[in-house]
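Reviewing the structure listed below.
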Amino acid sequence: MTESNGKIRVVVVGAKGRMGREVVKTVLNDPQLELAGAVDRTLHQVDVGSVLGLGDIGVPFANRLGECLVQSNADVMIDFTNPAAVRDNVYTALEYGVRPVVGTTGMSQDDLLAWDRILREKGIGGIVAPNFAIGAILMMKFAAMAARYLPHVEIIELHHDQKLDAPSGTALKTAEMIAAERQSVRQGHPDEEEKLAGARGADFDGMRIHSVRLPGYVAHQEVIFGGVGQTLTIRHDSISRESFMPGVALAAKKVMELTGLVYGLEHLMF
Ligand code: NAD
């Protein structure tokens, strides 16, 4: 915390987006956080509050992220942009010693490893979480537990049709957590044949992942287990983007105490 008021100074990147605008409101309403700056693609020098329908709040959208991080003396950068933008944003934050909290999905394992190395060199923390909703974290944890006993599993994730990456970061993370718990299993019939390419979904260590994209959805996932004479379905629904905000606020605070990269909100919860 760099300012005398003891608050954590946060810059929100992608602040005009669906997630970013919720994050701005969360930061403004949290007594431990201060909105130090905001960046979005095309909005420069316009007041953030006026764009988000909150009335003027005295924080204009900055022209460039680097400049904004330095001038605002930021402690934390929260990024909800897109898979193409997030890499540069995180490297900019790292360059200026600002802790990244990343909700954007679709980055590579290599990026995560590189960020962890740089964060450790700098002695500061970072958090990347494919899902900030507490219920989704529990869904993933319960799914990993169930996979020990019911190893045949398929994942169906359902999102709004403006989402750019598929499968979702949550589905990938769920598959990784399940793969860490179960023996490798050959699923489905050995002679099964796709009459239409993609009909059986994506393959992750023998598990199938199916991505649904439709207007009306926010973020939802079912993990379906099949055993002899039974199925088990574990489902989580984010019915509004507010569901992610307690997790984002928690991450913005916890990141101040970390060194290196934490991948997944569960590591801050359990
Ligand atoms: P969105 O398209 O509504 O918002 C993205 C915003 O980023 C836009 O306003 C865009 O102008 C801005 N932007 C793009 N490139 C930029 C750049 N270089 N610099 C500054 N701003 C830039 O998207 P969204 O629905 O808010 O989702 C954003 C990301 O968050 C996606 O990757 C999505 O998958 C992810 N997401 C994560 C969680 C989670 O819990 N981790 C939850 C929901 C969504």
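Both counts, for ligands and for their atoms, begin at 1 and track the order of listing.
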Closest heavy-atom contact between Ala93 and Leu69?
CA-CD1, 3.7 Å
Ala129 to ligand 1, any heavy atom closer than 4.0 Å
yes
Is a side-chain donor-acceptor pair under 3.5 Å present for Thr174 with Gln221?
yes
For ligand 1, which atoms, with element, lie under 4.0 Å from some heavy atom of Val13?
20 (C)
What is the closest protein heavy atom to atom 30 (O) of ligand 1, and at what distance does it sit?
Phe80 CD2, 3.3 Å
Would you say Asn89 has any N or O atom under 3.5 Å from an N or O of ligand 1, going by distance alone?
no
Which pairs count as ring pair (Phe, Tyr, Trp, His ring centres under 6.0 Å) when at least one residue sits in residues 201-260, sequence neighbours excluded?
Tyr217-His220
Proximal ligand 1 atoms for Gly14, defined as those under 4.0 Å from one of its heavy atoms
6 (C), 7 (O), 12 (C), 21 (N)
N/O separation below 3.5 Å, Met19 to ligand 1
yes
Rounded to the nearest 0.5 angstrom, the CG-CG distance for Leu65 and Asn89 is 5.5 Å
To the nearest 0.1 Å, how far is atom 10 (C) of ligand 1 from its closest protein heavy atom, and which atom is that?
Asp40 OD1, 3.3 Å
Top protein contact for atom 2 (O) of ligand 1, by heavy-atom distance:
Arg18 NH2, 3.5 Å
Between Glu222 and Thr233, do the side chains contain a donor N or O and an acceptor N or O under 3.5 Å apart?
no
When you compare ligand 1 with Phe132, is there at least one nitrogen or oxygen pair between them that comes in under 3.5 angstrom?
yes
Counting each atom of ligand 1 from 1 as listed, which ones have a heavy atom of Lys16 under 4.0 Å away?
9 (O)
side-chain contact (heavy atoms from CB on, under 4.5 Å) partner of Val86, the single match among Thr81, Val13, Val128
Thr81
Heavy atom of the protein closest to atom 29 (C) of ligand 1 (residue, atom name, distance):
Thr81 O, 3.4 Å
What pairs of donor and acceptor atoms, side-chain ones from residues 178-186 against any protein atom, are under 3.5 angstrom apart with sequence neighbours left out?
from	atom 1	to	atom 2	distance (Å)
Glu181	OE1	Arg148	NE	2.8
Arg182	NH1	Pro151	O	2.4
Arg182	NH1	Gln187	OE1	2.7
Arg182	NH2	Asp205	O	2.8
Ser184	OG	Asp205	OD1	3.2

Non-hydrogen atoms of Pro130 versus ligand 1: any pair closer than 4.0 Å?
yes
Geometric N/O contact Lys163 with ligand 1, under 3.5 angstrom:
yes
Within the side chain of Asp116, is there an N or O that forms a donor-acceptor pair under 3.5 Å with the backbone of Leu261?
yes
Any cation-pi pair here, Lys16 with Phe61, using under 6.0 Å and within 45°?
no
Checking a contact table here: which protein heavy atom is nearest atom 4 (O) of ligand 1, and how many Å away?
Gly17 CA, 3.2 Å
To which protein heavy atom is atom 37 (C) of ligand 1 closest, and what is the distance rounded to 0.1 Å?
Gly103 O, 3.0 Å
Give a yes or no on whether Met139 and Leu158 share a hydrophobic cluster (residues Ile, Leu, Val, Met, Phe, Trp, Tyr; joining criterion: side-chain heavy atoms under 4.5 Å apart).
no
Quick test: of every protein heavy atom, which one is nearest to atom 17 (C) of ligand 1, and how far off is it to 0.1 Å?
Ala85 CB, 3.9 Å
Any link between Leu172 and Val102 through a network of hydrophobic side chains (Ile, Leu, Val, Met, Phe, Trp, Tyr) touching at under 4.5 Å?
no
On a heavy-atom basis, I'd like to know which of Thr105, Val101, Leu65 is closest to atom 34 (O) of ligand 1.
Thr105
Based purely on interatomic distance, does Thr104 place a nitrogen or oxygen under 3.5 Å from a nitrogen or oxygen of ligand 1?
no
Can you tell me if Asn82 uses its side chain to pair, donor with acceptor, with the backbone of Ala85 under 3.5 Å?
yes
Protein heavy atom at shortest distance from atom 14 (C) of ligand 1:
Asn82 ND2, 3.4 Å
